[in-house]
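As the structure lists them, so they are numbered: ligands from 1, and atoms in each ligand from 1.
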Amino acid sequence: MTAVEFKNVDIVFGDNQQEAIPMVDAGKTREEILEKTGCVLGVAGGSIKIEEGEICVLMGLSGSGKSTLLRAVNGLNKVTRGEVLVRDGDNLVDVASCDEKTLRHMRMERVSMVFQQFALLPWRTVSENVGLGLELKGMPKAEREAIVEEKLKMVSLDQWKDKYAHELSGGMQQRVGLARAFATDADILLMDEPFSALDPLIRDHLQDELLELQRNLKKTIVFVSHDLDEALKIGSHIAIMEGGRIVQYGEPEEIVLNPANEYVAEFVAHMNPLNVLRCASLMTSVSDLRKDGDRLILDKYDAFKVTVDGKGAVQKVTFEEKEELPVITFEGDQPIDSVPDSSIVVTSPDFTMKRAIELRQATGNPVLLAENGVLVGVVGDEEIYKGILRQSSIADAAE
Ligand SMILES: Nc1ncnc2c1ncn2[C@@H]1O[C@H](COP(=O)(O)OP(=O)(O)OP(=O)(O)O)[C@@H](O)[C@H]1O
């Protein structure tokens, strides 16, 4: 079900909007529109649909219009033309055109916002900050406290509930901000660069925490970031914005494999491919493997050979004709170090390049990929190098 839909959204700042809109339609740039009309183009023709339970990341350089689009979801920015549909129970409300009362209801009950600068009230304790939204809604104290306690536990700050913001580190303050957002019943969270002021390790940790919270609570999150690695890590979909326009919208791997223009390619050139590229896009397919009689050859030295049965399932793998290697199925929920040295791992083509490298390192052998028990391909050193080289050739091309 759709949680948020932007339909041809234009947001123009300034008084001369009637003159600016035809220029938006003609595809004029922000600079041209500013020069002719004095208006600043915030967003032009923004159209995306965000499904419930997704994390959609709005990504782009400073000034590309990310925050402007985000703030349209709770009516903080007035939409010049177009619709911003937001789920309210069984209905979708157009927050761009609804009355004040409906907008207040949407802000209070449906959409909650987490800011970059924590926005904690210094005179309130941690628990009073987390309970703020509930208090404004008029929830009785006892009921409020139970929810606050639970959310503080979720972000591991229950021991800190009576402290004040200045007694907490930046990362902890941001976790309080997260707990406050998760404490409301709002199904939709807006997050405007919530982690960008934090140092990289804490940031990485909070991203993991957000993903974990998201898995449990299944909120819909619209997240602004200027960092493609962050977007790729947490986004189920990413909208890349340039000069007020969405230039590409897609799943992380789609964006990395097929950047829509040079602007996107430039971001992709500097990202870390390990967590994004999947084995399926790195592997050599079974149909491209060389053969030795009935056996498939897995590497260029003809060292590893695999025998499959009539249904395509792996039966036997030999090393240099002498040794038969143990074949292990790896589902992904066991630790890597549980995988025996020298074994051949069969795993899913959906796993990331990072996982393939870890398995390759743990076993010393190529990694086999199977779908529903049928061998579909292999990732060995060659495939891993190609994955890394593709990345550096994108970087070279972008420079
Ligand atoms: N209230 C406003 N009045 C006038 N212009 C505005 C207003 N808000 C944003 N803008 C302009 O709209 C454009 C897009 O700004 P926006 O803040 O959405 O970009 P952003 O991609 O979020 O950038 P950043 O990462 O720097 O926050 C900018 O040129 C900005 O100056």
Side chain, backbone, both or neither: which applies to [X] and ligand 1 if a contact is any heavy-atom pair less than 4.0 Å apart?
{"X": "L61", "value": "backbone"}
{"X": "T68", "value": "both"}
{"X": "H226", "value": "neither"}

Where the closest heavy atom to [atom] is concerned, which of [options] has it?
{"atom": "atom 19 (O) of ligand 1", "options": "C39, G42, G65, G244", "value": "G65"}
{"atom": "atom 29 (O) of ligand 1", "options": "V40, L69, L76", "value": "V40"}
{"atom": "atom 22 (O) of ligand 1", "options": "G243, S67, S225", "value": "S67"}

Counting non-hydrogen protein atoms only, what is the nearest one to [atom]? Give residue, atom name and distance.
{"atom": "atom 26 (O) of ligand 1", "result": "S62 OG, 2.6 Å"}
{"atom": "atom 25 (O) of ligand 1", "result": "K66 NZ, 3.0 Å"}
{"atom": "atom 1 (N) of ligand 1", "result": "F13 CE2, 3.6 Å"}
{"atom": "atom 23 (O) of ligand 1", "result": "G63 N, 2.7 Å"}
{"atom": "atom 13 (C) of ligand 1", "result": "R30 NH2, 3.6 Å"}

Is [X] near ligand 1, meaning one of its heavy atoms is under 4.0 Å from it?
{"X": "G60", "answer": "no"}
{"X": "M241", "answer": "no"}
{"X": "E193", "answer": "yes"}

**Request:** Please report the C-alpha distance between T284 and E382 in whole Å, then the side-chain angles of each, then the deciding distance to 0.1 Å, and finally whether the side-chain hydrogen bond (donor to acceptor under 3.5 Å, both in side chains) criterion is met.
**Result:** CA-CA 9 Å; T284 301; E382 290 292 299; over 6 Å; no
**Over 12 non-hydrogen atoms of neighbours within 6.0 angstrom of CG in D309** =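 Correct, the count exceeds 12.
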**Message:** Is it the case that over 12 heavy atoms from other parts of the model lie below 6.0 angstrom from the CD atom of Q18?
**Reply:**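 Atom CD in Q18 is not crowded, with 12 or fewer foreign heavy atoms closer than 6.0 Å.
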**Item:** Positive for salt bridge (charged side-chain N to carboxylate O under 4.0 Å, His left out) with E135, one of R124, K141, R180
**Value:**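 Going through R124, K141, R180 one by one, the salt bridge (charged side-chain N to carboxylate O under 4.0 Å, His left out) with E135 is satisfied by R124 alone.
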State, with a plain yes or no, whether a side-chain heavy atom of [X] is found less than 4.5 Å away from one of [Y].
{"X": "L228", "Y": "H270", "value": "no"}
{"X": "L368", "Y": "V317", "value": "yes"}
{"X": "R107", "Y": "L103", "value": "yes"}

**Request:** Check ligand 1 against S64 and write out every atom of the ligand that is under 4.0 Å from a heavy-atom position of the residue.
**Result:**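 Going through ligand 1 atom by atom, the ones under 4.0 Å from S64 are 19 (O), 20 (P), 21 (O).
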**Message:** Going by side chain to side chain contact (heavy atoms under 4.5 Å, CB included), L289 matches just one of I297, D299, L298. Which one?
**Reply:**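 When side chain to side chain contact (heavy atoms under 4.5 Å, CB included) is applied between L289 and each of I297, D299, L298, only L298 qualifies.
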**Message:** Before you tell me yes or no, could you show the steps for D292 and E321 under side-chain contact (heavy atoms from CB on, under 4.5 Å), namely the whole-Å CA-CA distance, both residues' side-chain angles and the distance that decides it to 0.1 Å?
**Reply:** CA-CA 11 Å; D292 175 8; E321 306 294 351; 4.0 Å; yes
**Prompt:** Does the S285 side chain pair with the main chain of D288, one donor and one acceptor, at a distance under 3.5 Å?
**Reply:**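 Pair absent, no side-chain N/O of S285 close to backbone of D288.
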